[in-house]
Visitor: 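Below is a structure I'd like to ask you about.
Every chain is numbered from 1 and lettered A, B, ... according to where its sequence line falls, protein lines coming before strand lines. FYI, side chains are in, hydrogens and waters are out, and symmetry mates aren't considered; it's all heavy atoms of this structure.
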Amino acid sequence: MKQTLLLLLFATLCAAVSGEDHALVIQTDFGTKDGAVAAMKGVAVGVDAHLPIFDLSHENTPYDIWEAAYRLKQSAPYWPAGTVFVSVIDPGVGTERASIVLKTKSGHYFVGPDNGTWTLVAEELGVEAVRRIDEKLNRRAGSEKSYTFHGRDIYAYTGARLASGKITYEQVGPLLDAKIVSLPYERASQKDGVLRGTIPQIDFHYGNIWSNIPDSLFNELKPQFGEKFLVVIFHNGKEVYRGVMPYAKTFGDVPEGAPLLYLDSLLDVAFALNMDNFAKKHELSSGSGWSVTVERAKP
Amino acid sequence: MKQTLLLLLFATLCAAVSGEDHALVIQTDFGTKDGAVAAMKGVAVGVDAHLPIFDLSHENTPYDIWEAAYRLKQSAPYWPAGTVFVSVIDPGVGTERASIVLKTKSGHYFVGPDNGTWTLVAEELGVEAVRRIDEKLNRRAGSEKSYTFHGRDIYAYTGARLASGKITYEQVGPLLDAKIVSLPYERASQKDGVLRGTIPQIDFHYGNIWSNIPDSLFNELKPQFGEKFLVVIFHNGKEVYRGVMPYAKTFGDVPEGAPLLYLDSLLDVAFALNMDNFAKKHELSSGSGWSVTVERAKP
Amino acid sequence: MKQTLLLLLFATLCAAVSGEDHALVIQTDFGTKDGAVAAMKGVAVGVDAHLPIFDLSHENTPYDIWEAAYRLKQSAPYWPAGTVFVSVIDPGVGTERASIVLKTKSGHYFVGPDNGTWTLVAEELGVEAVRRIDEKLNRRAGSEKSYTFHGRDIYAYTGARLASGKITYEQVGPLLDAKIVSLPYERASQKDGVLRGTIPQIDFHYGNIWSNIPDSLFNELKPQFGEKFLVVIFHNGKEVYRGVMPYAKTFGDVPEGAPLLYLDSLLDVAFALNMDNFAKKHELSSGSGWSVTVERAKP
């Protein structure tokens, strides 16, 4: 009898130790000078004192939903299934945009406003289900009078409860149609050996140019390391850069200052100068209006 | 007999698992480019390998004690009781200012120099007790020759020992009078329907203006959402902004670029432009010399 | 029989709880606006959901290996033995520089490219052993096509496996000669009462000047607090600053704005202005070409 009890306690304990906890990963455009991110984390720690909490970034350009979408694409797939992402780039806080939790087919959860933030992870990881957050059940106690900080009062709270297993996905709120608000953007394509894509982000820290042309499309050209490619970059349809560069495995394969075409860490086609800043040197940027073509250079 | 032993072990284990640990939250003006914050965390991890450690912010304006005080007010109340805050904005390091641990009536602990940093949390959370850190007992071993980094050698070390339960609050050191050094500032007031307050901080990231007028005072005017208010902002007594704006529940209630009066996330009266930067547009700032009046607009 | 089983389970559980985990501490030059650091952490959490993960800094000047070396010297010694540091300032990613794990005599581990990053910690903590990372065994599954993000695919992965005890140090890969690539720099010296040293870093946040003259060398002059010293700073051999200042215990020992010589938090000789920015005021910097002499001032 006592042994049965012991085993039961033991099982409970094992569950506690093995850690049903999943990580909570937070992205905002609040910056880290402010106390706002710390207030969010305090709410999460109040839900579960031992929740593993991480930052994606808090330096997202204010209100830039596209950038937030790209940062999620850049990092979420590398986290284990069960990880809960809270993303608060929310120019419409307090308006009628839905507050949701997206579950992807990969088993990741995404908590925040349904304003386009989930565009790229939805595509890449697949939409399994979408639930509207029931704010009657999933709201920090005492926050009823607060209308402008859903990140703290609803999203961090709900994300922490989900990550720690305090609520199930079903307890988030009612099921919606399995689709999210998507930001429109042009897909990469290949025709007659010419690749066409956009520049969703630059690697601002080093000045490398990231396209949205995936390796699968690039491989249709059957490229070999060392072969030369013609790269043309356009802004609002006007050519702003034209150059020939080798397809290199890595930066050190070309001399310092020389250009190269390579596959970036997401295995998309990218352009860089070894040990120099391509974007700054040629005044290139990313986002709406920026596009690129790539084709094998004429011999 | 064996079962008794097992139960005993089991109880010990449960205590370990249930986690007596409380979170340690650190604020400094060191920035994060430097190795100084990491040295502080190393000391804390050396005390307890599994201590949950978080950042409030390390980007506090160097030496700006008032800003530090405001960041604590903005975040500390959202953390659970038992959380230990270490704050090192310490222009007087090594001089005679006391090193203390403040315990508030809310059950939070605040570790650092008694130089005004605790002004606002002491008011908001209430002073339960103040103890001077006994540096003979509570100092990192081997740090005796170091006089300029109390953040690492005393505060992180003592904070970690307290958060992890390695010492009790009583073991911090001798009890002092239950009061702390307070920075002087003007309280908000209401007279004949005119609210008068200061601007303790701007929401620098978005340019919103935060006053120190609490919702309780504002509610004396019995405001309704949509009603218009006259807002006048002064710098050193000189009027620098005058405008009429509605009391809005949230930003999206007014057109883009339009001003609004709202309650910020601390439920203080605040002013903003929807999707624009109020402070930058009108060259407004915060701190000493900045004040504001609010009254119902004449029809 | 059942009790034996229970005890066995219990022992396993105790091991799990007592936390074989050591901390993983990450340094990069990626910045934190980007999703790259978060991708690295995701990989580490995928290895062990409860690994304690910390940032040294991600704001290292891009490609500046010397700065990275200094930040490690500034923080690593304050972490407990067993801590695993991953440092990715890696201009040569994908080239032939070795990927190693250095074990120091102090019991710390350092994971990353062998490009000079370990110069100062190797000296200070002593080289116990160096192993080349066997990328066949120690590489994130599915990363075979990725050549430009070893930080995520190899270093974070291997560091997390080592910190969590999933692999032993021996399983990192084959033993190399117990030495690492060292950046050349001039050691501090004393001759006829004149100390000569370099300026490896400035305390950029406050503008204090840190020399590489250790307290042991300074103490050969038998200095007393309050005694005056002549400090001369050179850039590329040309004198750019000359001043007399007291040896002070701490900043508050001199008037605001006045210069002082003190021992910094690493107990090296340093120079500052109390509550002012020495480096900015006198246009001083650090690194190659910057040196300093210190001697007792003539009465």
Visitor: Could you check whether C/D90 pairs with C/R97 (Lys NZ or Arg NE/NH1/NH2 to Asp/Glu carboxylate O, under 4.0 Å)?
Guide: yes
Visitor: Angle between ring planes, A/Y109 versus A/Y169, binned at 30° and 60°: parallel, tilted or perpendicular?
Guide: tilted
Visitor: Select, from A/Y262, A/F204, A/W79, the one with the greatest count of heavy-atom pairs under 4.5 Å involving chain C.
Guide: A/W79
Visitor: With distance as the sole test, does C/N138 use its side chain to make a donor-acceptor pair with the main-chain N or O of C/Q171 at under 3.5 Å?
Guide: yes
Visitor: What part of A/E67 gets within 4.5 angstrom of chain C, counting heavy atoms only: side chain, backbone, both, or neither?
Guide: side chain
Visitor: Describe, in one word, how the ring planes of C/Y63 and A/Y206 are oriented to each other, choosing from parallel (under 30°), tilted (30 to 60°) and perpendicular (over 60°).
Guide: tilted
Visitor: Given 3.5 Å as the limit, does a donor-acceptor pair link the side chain of C/W118 with the main chain of C/K179, or not?
Guide: no
Visitor: Parallel under 30°, tilted from 30 to 60°, perpendicular over 60°: which one fits the rings of C/W290 and C/H235?
Guide: parallel
Visitor: Can you say whether the rings of C/F110 and C/H108 are parallel (under 30°), tilted (30 to 60°) or perpendicular (over 60°)?
Guide: tilted
Visitor: Can you sort out the partners of C/S265 under side chain to side chain donor-acceptor pair (under 3.5 Å), two or more places apart, ordered by chain and number?
Guide: none
Visitor: Quick one: closest heavy-atom pair of A/G252 and A/N274, and the distance?
Guide: CA-ND2, 4.2 Å
Visitor: Quick check on C/D153 against chain A: is it the side chain, the backbone, both or neither that has a heavy atom closer than 4.5 Å?
Guide: neither
Visitor: Show the numbers, then the answer: is there a ring pair (Phe, Tyr, Trp, His ring centres under 6.0 Å) between C/F30 and C/F149?
Guide: CA-CA 11 Å; C/F30 301 162; C/F149 199 175; 5.6 Å; yes
Visitor: For C/Y157, give me all partners under side chain to side chain donor-acceptor pair (under 3.5 Å), at least two apart in sequence or on another chain.
Guide: none
Visitor: Among residues 214-221 of chain A, which residues come closer than 4.5 Å to chain C, judged by heavy atom distances?
Guide: A/D215
Visitor: Do any of residues 52-61 of chain A have a heavy atom less than 4.5 Å from a heavy atom of chain C, and if so, which, in residue order?
Guide: A/P52, A/F54, A/D55, A/L56, A/S57, A/E59, A/T61
